[in-house]
Amino acid sequence: MSQILIIVIFIAAMYFMMIRPQQKQAKQRQQMLAQIQKGTKVVTIGGLHGIVDSLDEKIIVLDVEGVYLTFDRSAIRTVVPTETTPVVTPAAAEATEPVVEEVVEDKDVNVK
């Protein structure tokens with residue numbers, strides 16, 4: 001009986017440690033892709049930055065400095081945050097406060 005209990009606890013732990021976070025991340029990505037509109041600035045999985053010119057259910061056309069490129073909607077990695085609607089990516093949510101370094105100048109040093 002105790003062996004079955006250990007197996008059940010192990011399966012429950014695997015669910016909460018692996019499967020559930022992955023489902024949350026997939027849901028966030030689907031919401032991000034659903035909110036894309038014409039004029040939205042995006043970054044593709046290849047690192048290409050562009051502005052959405054047109055879109056339908058599966059295809060997005062990006063304007064990249066006057067060149068129009070067609071991508072699958074799944075090729076969009078992130079939506080670039082604008083001043084009115086900031087978008088928090090998972091990496092940005094985990095970022096820590098920036099380190100501030102103090103620079104001290106010594107005016108008594110003679111350089112020859």
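Worth saying up front: this structure is predicted, and the values here are computed from it rather than measured.
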With hydrophobic residues grouped by side-chain heavy-atom distances under 4.5 Å, do [X] and [Y] end up in a single group?
X: Val8; Y: Ile6; answer: no
X: Ile7; Y: Tyr15; answer: no
X: Phe16; Y: Ile19; answer: yes
X: Met18; Y: Ile11; answer: no
X: Val64; Y: Val42; answer: yes

Which value, rounded to the nearest 0.5 Å, describes the distance between [X] atom [atom1] and [Y] atom [atom2]?
X: Asp72; Y: Ile59; atom1: CG; atom2: CD1; value: 6.5 Å
X: Glu57; Y: Leu33; atom1: CD; atom2: CG; value: 13.0 Å
X: Gln30; Y: Ser74; atom1: CD; atom2: OG; value: 9.5 Å

Closest approach of [X] and [Y], non-hydrogen atoms and distance?
X: Arg77; Y: Arg29; value: O-NH1, 3.8 Å
X: Leu55; Y: Lys38; value: CD2-N, 3.8 Å
X: Leu62; Y: Ile60; value: CD2-CG2, 3.7 Å
X: Arg73; Y: Ile36; value: NH1-CB, 4.5 Å
X: Leu69; Y: Leu48; value: CD1-CD2, 3.4 Å
X: Thr78; Y: Met32; value: CA-SD, 3.8 Å

Does Leu5 CG have over 12 foreign heavy atoms under 6.0 Å away? yes
Got a sec: does the CD of Gln31 have more than 12 other heavy atoms crowding it under 6.0 Å? yes
